[in-house]
Every structure is written in structure tokens, then in C-alpha cells.
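Quick notes on the structure that follows.
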Amino acid sequence: MTGRPVRTLLLWCPDWPVIAAEIVDGVPATGPVAVLHANRVVACSEQARAEGVRRGLRRREAQGRCPQLTVVDHDPGRDARAFEPVVAAVEEVAAGVEVVRPGACALAARGPARYFGGEEAAAERIVEQVAQACAVESQVGVADGVFAAGLAARAGQVVPPGGTPTFLAELPVEALGRPALADLLRRLGVRTLGDFAALPTGDVLARFGFDGALAHRLAAGRDDRPLAVRQPPDDLAVTADHDEPLDRVDAAAFAARALAEQLHDRLAAHGLACTRLGIEAVTAHGQELHRVWRHDGLLTAAAIADRVRWQLDGWLSGSTGRAGARPARPTAGIVRLRLVPDGLLTRSGLQAGLWGEAGEERERAHRALSRVQGILGPEAVVTAVLGGGRSPADQTHLVPWGDERLPARPGPPPLPGEPVERPGGVLSPAVPPPAVASTGVPSAGVPGRAGRAGRAVAAGNPVPPWPGRLPPPSPAVVLPTPLAAAVHDAAGEPVVVSARLAVSAPPARLTVGSAAPAEIVGWAGPWPVDERWWAPAEARRRARFQVCLADGAALLLAVEAGRWLVEAIYD
């Protein structure tokens, strides 16, 4: 590392975690706000600092100094997502940007300085661009190397060429960003970066190790690390403007096919394929329409054209949906149509089978369901995804067709006999009803124990089980809304379950709604579930029973707050 440090221009957005929380979550940054990680303050707003809040304070101490403090959890992903528009705004006026961290980005100062007529002019232009495009306040520093430029940005200073060592010499050792090293240096009497830089390099390496030697180079202004600039992604979107507004479906479909072929050719030229397609339209009255289509395979030119045609048909025709619902039609014809590919991957990863196209039946079903979504909306077609939970209703999550099939709650893979997830939804295998005896003991065992034991022995299962989950077989039908029921004993008295899970009498008859009473020939339970007891507003306590009726039906019952409910039906 003997090169000369590169003149670097660094853009710094003060209190960026607080600003990101305002952009993403709507937390007002003008008030007292603190971002916490591991119960310590990592960033705070200007008003919070005025109340005495500082970085490194514990949560209780920070709230003691500022009782009206708004606390936000630290989320690096949120900070990075919110910072992306700022980086894009900088790239509009200067190329070769490196994201140092969320809230700070750097670039070589030579190009912008020559183009805008000096480093100070370039700094002012970039700050103005970020303020206009993102409404974000920022500061720019220019110095030799990224480290010195970051410190200069905090002071809003342009360090002259060759003056970086002098600029760093008066700064405290805490500016290195290494608290342990800074504390040790202060106890040794080294208080500034100039004092640290004056130490012999060999002695620093022997005493503080490699990280100390690297910090010694930074303190001396010898930061010659090259910028790791990011490459802006290719603009693969295609746009078509129409002088005559498209208000008929056939005319819009003709324009969509030409635009789809153009997008497919552009992706093929880059060796790419897309799995998601964004369709954007602007009407003559300025109304903006947007919809994203997802696909789990290769989107060919015909597939892109079909989806664009379906979407335009849904927008322009205003077909009647369920229960007479009619989506709002645009007030004017479409004058601009734009296709934005997303979910890009290399084209070599998607190949057809050796003996014909694989999954043609599935593709036809996908096209039909996607057509329905284009007319009625994405929520019109949903599929079930299995996940974790203690009750059958908790273990099933409905997602729109084509969306990512992520469970609402984490859960281990299903045991033998449980429903198996298929490409088009969830298929519940036909299983016999639970074998129960009049003694109230199920042959499958106690759900809480059987579920834990069965899942704990699953080799390589990193997901913990759900205590109290019912063992297989799973119910064939899970009612979206449980049905009110009444359970009586042989004497006609209501069956109740005490707080200690004592059943007042063996269940003998079941009445569901206004139906005739049915005789209970076998039952098992109770199996208690006490969830979120630490949050009184969300606490839920209930006991579940499995019952077999005289007509051969098997039901899953639950008693909660003295009320009996039918939750599911066994096949």
C-alpha cells in the first residue's frame, strides 16, 4: 500500500437512521427520536440531542433525560432501502459512486470538479441535487482518501490537496471509530490523531497489531484504499408513447404485443430473463396505473404480451367482479405504456425439458388464473401456504396467486399424514378420523407431547416445534369462521371446563347452531392452549377436544370463555 490517496468527495446525511425511520415508517424526525440497538442509542435526532440524549446511552437513561423520547428499533435493511434514492440522485450528476454505509457515499472528486468548475462547486451541486430529488439534507467533504473525506463531511469542509495530514492531526483519537483502541491510546497519553501518527510504524504494529497499524495509516492521512464504485444497472424498461389515446382493448393489445417483443429482445440481448413484470400506464388525464405480475418460469415474448393484454383488458373494460364489484375504469385513454422487468436472472437457468415442454398443464392453469386476476384483481385468486401454529387455522395462510409463498409463521416441515403443499395450492390427503375411545384418551396420544416428540427427532430440523400443536392426522376442512355449538352431558346439563381443566361430565350430545342434537360416541381432551399471557389485550386461553359422532363424523371443538366452537372437520 504505497499509492497516493485519491481525492475523494463524500456525501454524508446526518442522523440517517432517524431520517430513514421517517421515510419508511413515518416517524417524525423533527421530534425527539432515538434509534436503539442492543438497548443502546446508535442515532438520535437534533431535538433529542438538545434534551441530552447521546449515542451509547442506555434506553432507560435516554428516556430519563427526555421522557417524551420516541424509540425506534435499529433496522439496517430499512436504512439501506431509504438511502437508495439518495445514491441514485448522486449518480444523476456524477458517476462511480461507492456506498460506504447507509447515509454516506463517496466518489472520486476529479471528474465532478473538472465538470462543474472546482471541488466546491461540485459539492454544492451534489448537495442541491440530493435536496431537490429526495428532500434530504446532506453535507459534503473533500479530502485525500475516504476516511479523511468522511471527517471533512461532518464539518462541511473542503481540505486542500496535500493538507489532509494537517487536517487530521488536531482531531481526537475517537475519530478513528475504534472505541477500544481510542480508550487505550488515551490511557497511554495519546489524545490526537497527530500524536498517534507520530509513533513509529513498527512499534504500533508490535503493540496494537494489524488493526492498529491500519488505524495508524488512517491517522497519518495515508488512506490509499481504492474506491469500490458500484455499476449502475442497465435500464431495461421499454416505453411507448401514443399520440392517440388507447381506449379500446383491441388497439391496446396490438400496441402491447409490439412492446412485449421489444422488451423480450432487450432482455435476450443481455442474456437475461425476468420472473416479474411491472406494467405501468398513464392516461390522457394524468392518471397513473401500475400492476406487477409474477411468474415462476420463463416469461417469453408471448407470455409478456398475454399479461399486458390481460391487464389492459382489466383496466379498460372494467369487467364485473364478484358480488357485482366493478373496478374503477380510467377516466381517459392510455397515452403511455411502460414495461419494467424485475426479478432478473440469467437465461441459462431456465431451460425446457428434453422431451417437450415440462409442466404444460401447470402453465395453462397459471395462465387461466392470471387472466382472472387481471380482471378481478390480485386478491381474487389465492392459494394456501402451510406454516407454524398451534391450531389448524393458524397453520394456513392465504396469499394471492403468483406472490411469494412465504408462511405467516415459521414452522417445521409437515409430518407424515399432514397436508402437503402443491404448486397450485394445498392438497389435504384423505385420512381416517382420529381414533378415540369413550375413556377420553386418543390413540394418537396427547397432542402437546406427541407433536413435540415427533418433531424433535426430525434430523436436521432447525425450526423449533410449536408446543401444544395437534398431532396428525390433520383436519380435512378448516372453517374460516368457527361455528357456535353447545355440548351437554347425559343428564342434559351443559359441559363446562374449569380453570384447572377439569371436565364437569363426559360429553354426550353436541348441538351445532339450530341443527338437531347429535350423539357423541367418543371424545378426547381437553388440550389447553394459553397464548400471549404476557399481553392482556392479546391473551387467548382455550381448550380443544376431538369428538366422534354417531353418524361417523369427527370434529375438532374448542371451548373459550365458556363458549363451545366447532373449528374443523376430519374426513
Side-chain angles (χ1 to χ4, degrees), residues 5-24 29-30 33 35 42-46 49 55 74-161 163-164 167-168 171 175-177 218 221 223-233:
V6 178
R7 291 290 290 175
T8 304
L9 185 150
L10 189 139
L11 176 84
W12 172 62
C13 300
D15 307 326
W16 182 253
V18 178
I19 302 300
E22 180 182 34
I23 296 174
V24 177
T30 55
V33 181
V35 180
V42 296
C44 57
S45 62
E46 183 177 356
R49 284 192 295 271
R55 292 182 59 184
H74 181 50
D75 186 356
R78 175 189 61 205
D79 298 346
R81 291 192 302 271
F83 192 60
E84 178 62 25
V86 176
V87 180
V90 176
E91 288 179 336
E92 292 181 2
V93 296
V97 179
E98 172 192 352
V99 179
V100 180
R101 63 182 180 278
C105 60
L107 64 152
R110 180 182 178 184
R114 296 180 63 181
Y115 185 81
F116 294 106
E119 294 176 343
E120 294 185 1
E124 294 177 358
R125 179 67 182 88
I126 292 177
V127 169
E128 180 182 2
Q129 173 69 16
V130 172
Q132 292 179 352
C134 306
V136 172
E137 294 183 1
S138 60
Q139 297 180 192
V140 169
V142 182
D144 298 334
V146 177
F147 173 72
L151 298 178
R154 295 181 178 272
Q157 184 176 350
V158 177
V159 180
T164 297
F167 166 73
L168 296 174
L171 298 178
L176 290 170
L218 297 178
D223 178 16
D224 53 3
R225 178 182 67 85
L227 289 171
V229 299
R230 73 172 195 170
Q231 298 294 332

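The structure displayed is predicted, hence computed values, not measured ones.
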Check: residues 142-161 side-chain donor-acceptor pairs under 3.5 Å, at least two apart:
from: Asp144; atom 1: OD1; to: Arg7; atom 2: NH1; distance (Å): 3.0
from: Asp144; atom 1: OD2; to: Gly162; atom 2: N; distance (Å): 3.3
from: Asp144; atom 1: OD2; to: Thr164; atom 2: OG1; distance (Å): 3.3

Show the atom names and distances, to 0.1 Å, of all donor-acceptor pairs under 3.5 Å that link a side chain in residues 8-19 to residues at least two apart or in another chain.
from: Thr8; atom 1: OG1; to: Val6; atom 2: O; distance (Å): 2.9
from: Asp15; atom 1: OD1; to: Arg49; atom 2: NH1; distance (Å): 2.9
from: Asp15; atom 1: OD2; to: Arg49; atom 2: NH1; distance (Å): 3.3
from: Asp15; atom 1: OD2; to: Arg49; atom 2: NH2; distance (Å): 3.0
from: Trp16; atom 1: NE1; to: Asp79; atom 2: O; distance (Å): 3.1

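Counting non-hydrogen atoms of other residues, nucleotides and ligands closer than 6.0 Å to CZ of Arg55 gives a total of 12 or fewer.
Among all heavy-atom pairs drawn from Phe116 and Arg125, the shortest one is CE2-CG, 3.4 Å. Taking all atoms of both residues into account, the shortest heavy-atom contact from Cys105 to Val90 is SG-CG2, 4.3 Å.
Summarising the geometry, atom CD1 belonging to Ile126 is positioned 9.0 Å from atom OG belonging to Ser138; distances are rounded to the nearest 0.5 Å.
Using a 4.5 Å heavy-atom threshold, the side chains of Gln132 and Glu128 count as touching.
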